[in-house]
Trainee: 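Dropping the structure in here first, questions after.
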Protein chains: 2
Amino acid sequence: MLNDRKKKILQTIVEDYIENSQPVGSKKLVECYDLGVSPATIRNEMAELEEMGYLDKPHTSAGRVPSTLGYRVYVDSLMQTNDLKEEEVLFIKKTLENEIIEVNEIVKNIGKAVSDITDYTVFSTGPDVTDAVIEDVKLILLGSNMLLIVVLTKEGSVKETVINLSKTVTEEVIQKLNEIIRIKLKDEYVKNIKIDVLKYISNELSVYVDILFSILNEIMKLINENDITLDGRNNIFKHPEFKKYDLAKSFLDVLEAKQLIKEVLQVEDKDVNIYIGDENEHSEFKDFSLITFKCPENLGIVGIIGPTRMDYAKVLSVIKYINQILKNKYKKGGYVNGEKE
Amino acid sequence: MLNDRKKKILQTIVEDYIENSQPVGSKKLVECYDLGVSPATIRNEMAELEEMGYLDKPHTSAGRVPSTLGYRVYVDSLMQTNDLKEEEVLFIKKTLENEIIEVNEIVKNIGKAVSDITDYTVFSTGPDVTDAVIEDVKLILLGSNMLLIVVLTKEGSVKETVINLSKTVTEEVIQKLNEIIRIKLKDEYVKNIKIDVLKYISNELSVYVDILFSILNEIMKLINENDITLDGRNNIFKHPEFKKYDLAKSFLDVLEAKQLIKEVLQVEDKDVNIYIGDENEHSEFKDFSLITFKCPENLGIVGIIGPTRMDYAKVLSVIKYINQILKNKYKKGGYVNGEKE
DNA sequence: TTTAGCACTTAAAACTTATGAGTGCTAATC
DNA sequence: GATTAGCACTCATAAGTTTTAAGTGCTAAA
């Protein structure tokens, strides 16, 4: 479909534009890159590439800019990932070596590393809870009417919350409730825990049925919640397109829409997905590009968001490297309760 | 020092500028406000006010703008707080009525209410830990080598963290450690807990001295940490001065500097402090105004940050009202373990 | 097929000229 | 003496104009 020269030209334009954020003209292309033909030839090719939909022209006398389709082709078949710089490798290693207590922290470290190295904004969320299996539930009475609920999963996630109890209960009652809940929920897949299971549990114990129900309710909330961590929020200011007030504002507004971000991260597609500009399903993202990365061993999902003129190759190189580290480190089925299995 | 007319003119200029963010001229002043004199007279007065340092002139043909000193005088002696609108009163009441489980949530609710009503950015932090008295410490073994540490204070704050244990320990050992720690720390003022106390505790138990020490260490960290909550981060976009890219950027950068914000909130001055522009000690704040509000009954501290052209009267009215509600609600010495004492 | 040459396009930058809001001063008025 | 009408002056902003330069597309020659 595209001859080699067109491919080369398209690739060069995309890469130059990503680097300099300036429309690329035929003359510059010939001068800076070794293409072996004259500007006129390039112009002819560029005109064809534009007609085919791979390039856009901001206006007649500007150079060319990649279209969404142009980026798409670049990302799918022209781009190549590179080895990271030594300091980047070291930085990632160091960040991922931070002592990890709880499985959700792994993805937090990843998010931090990626945002620092790429200069983009990164959001991340821990292991998918619906795949999780409950390991243990602990109820701890604090004072006379606060209850700390801790849910542990086999994957090593620890989730806690504190609730108010509607009436005062004794340590013994709590222990009994805890025992019941533990027996019923231990080794259960989170996705299988439905309201009727909870009803069944609460039926067994009629005196404290209201307390039990509110505890179970809270447990449901806990295990189904997945917090979003945001890194490098202000990194947008490092990219010239965001000097436009409105774009910066809409970007920052998107970051605040946690629910939206949750949805966007829950893609059931490949492990690494790239959504360029208006390829994004949600219109709020149409001026940005999004790369999602599902970490191996269900460690979590990371989303990198930046301008459509994003350094896709760089981001993917980083992801690739991190993916490899994670695979080695957490090879055999995940990270459980603070140690490798 | 300032005659009544000058006061009236200064007040009117400040208020008009706060409302419209446009330099105020003599003609407009006479037209819109009932001053009873001609523009020429106003001009003479304004020239004097400028000479005295209360007004600034962006340029010859612009109107006047309050200087820091002008705002200062306004805030100190000209401004009057107003009753809130009914819907604002209702909104605050509703927000503060949210079920509160833990004492730190009160100030979070306050922060949210203030940022929603004032359209400024608000940060908040819970009760001052150094005044706190430890109520209880709970150690809960999760799996074989994760330990959940919970510290309760008499004030009703609950702080938790999970640590990795360097070696596997049994439930019994943890119980024993917990007992020792509880006895030593219960009813102790946080500010009195020093390293030597901890050393003394750990000396009593020599076998697990390293584990105990890391637990104590973590408890120290926990009780001395005070998280900052941020509300209405993107509210800055509601104020025209932040259409200037650089100002918006520096504002958002300040918000990320959590350590700086912590310092700024720890003022040991009055309960309500107003820092206008370059009155701020930290140069990062010199383009903004900051109002700090120390909630009654040591519930926490709230900081409201906005442009120097901030609606001080509005913010103070809101603070005043909230202060009154809090005083009534938590009258007798605070909020303990989920209920009023 | 490639390219030199050139007329054409156009955004952005650099000037230029209004416009108008606001001032400060002077001299007349209350 | 305080106030104000009148008016020349200032200056940022907006609007309009010209220049510049980067880039294009087309034609005809290589």
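Values below: all heavy atoms of this structure, side chains included; hydrogens, waters and symmetry mates excluded. In the text below, chain A, chain B and the rest are named by the order of the sequence lines, each starting its count at 1.
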Trainee: Do A/T81 and A/K320 have side-chain atoms, one donor and one acceptor, less than 3.5 Å apart?
Mentor: yes
Trainee: If only side-chain N and O atoms of B/R5 are considered, is one of them under 4.0 Å from the OP1 or OP2 phosphate oxygen of D/dT3?
Mentor: yes
Trainee: Heavy atoms under 4.0 Å, any strand shown: does A/K57 hit a base, just sugar-phosphate, or nothing?
Mentor: sugar-phosphate
Trainee: Distance check needed: D/dG1 P versus B/E45 CD, whole Å only.
Mentor: 17 Å
Trainee: Any luck finding a side-chain donor-acceptor pair between B/D16 and B/Y33 under 3.5 Å?
Mentor: yes
Trainee: A/I42 CD1 to C/dT2 C1': how many Å, rounded?
Mentor: 11 Å
Trainee: Pick the nucleotide of DNA chain D nearest each of B/H59 and B/P39; which residue has the one closer to the 5' end?
Mentor: B/P39
Trainee: Hey, could you give me the CD1/OH distance between B/I319 and B/Y312, rounded to the nearest 0.5 Å?
Mentor: 12.5 Å
Trainee: To the nearest angstrom, how far is A/E50 atom CD from D/dG23 atom P?
Mentor: 15 Å
Trainee: Go through the side-chain N and O atoms of A/R233 and A/T121 and say whether any donor and acceptor fall under 3.5 Å apart.
Mentor: no
Trainee: Rounded to the nearest angstrom, tell me the gap between atom CD in B/E31 and atom P in C/dA21.
Mentor: 10 Å
Trainee: Is a side-chain donor or acceptor of A/E88 paired with a backbone partner of A/K85 at a separation under 3.5 angstrom?
Mentor: yes
Trainee: Does a side-chain N or O from B/R64 land closer than 4.0 Å to OP1 or OP2 of C/dT23, or not?
Mentor: yes
Trainee: In this structure, how many angstroms lie between the C1' atom of C/dT2 and the NZ atom of A/K6, rounded?
Mentor: 14 Å
Trainee: Any side-chain donor paired with an acceptor under 3.5 Å for B/Y71 and B/E279?
Mentor: no
Trainee: Rounded to whole angstroms, how far apart are CE on A/M46 and C1' on C/dT2?
Mentor: 15 Å
Trainee: Given atom OH of B/Y17 and atom P of C/dG22, what is their separation to the nearest angstrom?
Mentor: 14 Å
Trainee: May I ask you to verify if any side-chain N or O of A/S61 is less than 4.0 angstrom from the OP1 or OP2 atom of D/dA22?
Mentor: no
Trainee: Flag the pair A/K294 and A/D271 as a salt bridge only when some basic side-chain nitrogen lies within less than 4.0 angstrom of an acidic carboxylate oxygen.
Mentor: no
Trainee: Base, sugar-phosphate, or nothing: which does B/T60 touch, judged by heavy atoms less than 4.0 Å apart?
Mentor: sugar-phosphate
Trainee: With respect to the phosphate group of C/dT2, does any side-chain polar atom (N or O) of A/S38 fall under 4.0 Å of OP1 or OP2?
Mentor: no
Trainee: Between B/A40 and B/P58, which is nearer to the 5' end of DNA chain D once each is assigned its nearest nucleotide?
Mentor: B/A40
Trainee: Against A/F251, only a single residue in A/F285, A/Y245, A/F242 fulfils ring-ring contact (aromatic ring centres under 6.0 Å, His included); can you say which?
Mentor: A/F242
Trainee: Is any side-chain nitrogen or oxygen of A/S26 closer than 4.0 Å to OP1 or OP2 of D/dT24?
Mentor: yes
Trainee: State, to the nearest 10°, the angle formed by the axis through the first five base pairs of the helix from C/dT1-D/dA30 to C/dC30-D/dG1 and the axis through its last five.
Mentor: 20°
Trainee: Let me know the distance between CG of B/L29 and P of D/dT4, rounded to the nearest Å.
Mentor: 14 Å
Trainee: Reckon B/R43 has a side-chain N or O less than 4.0 Å from the OP1 or OP2 of C/dT26?
Mentor: no
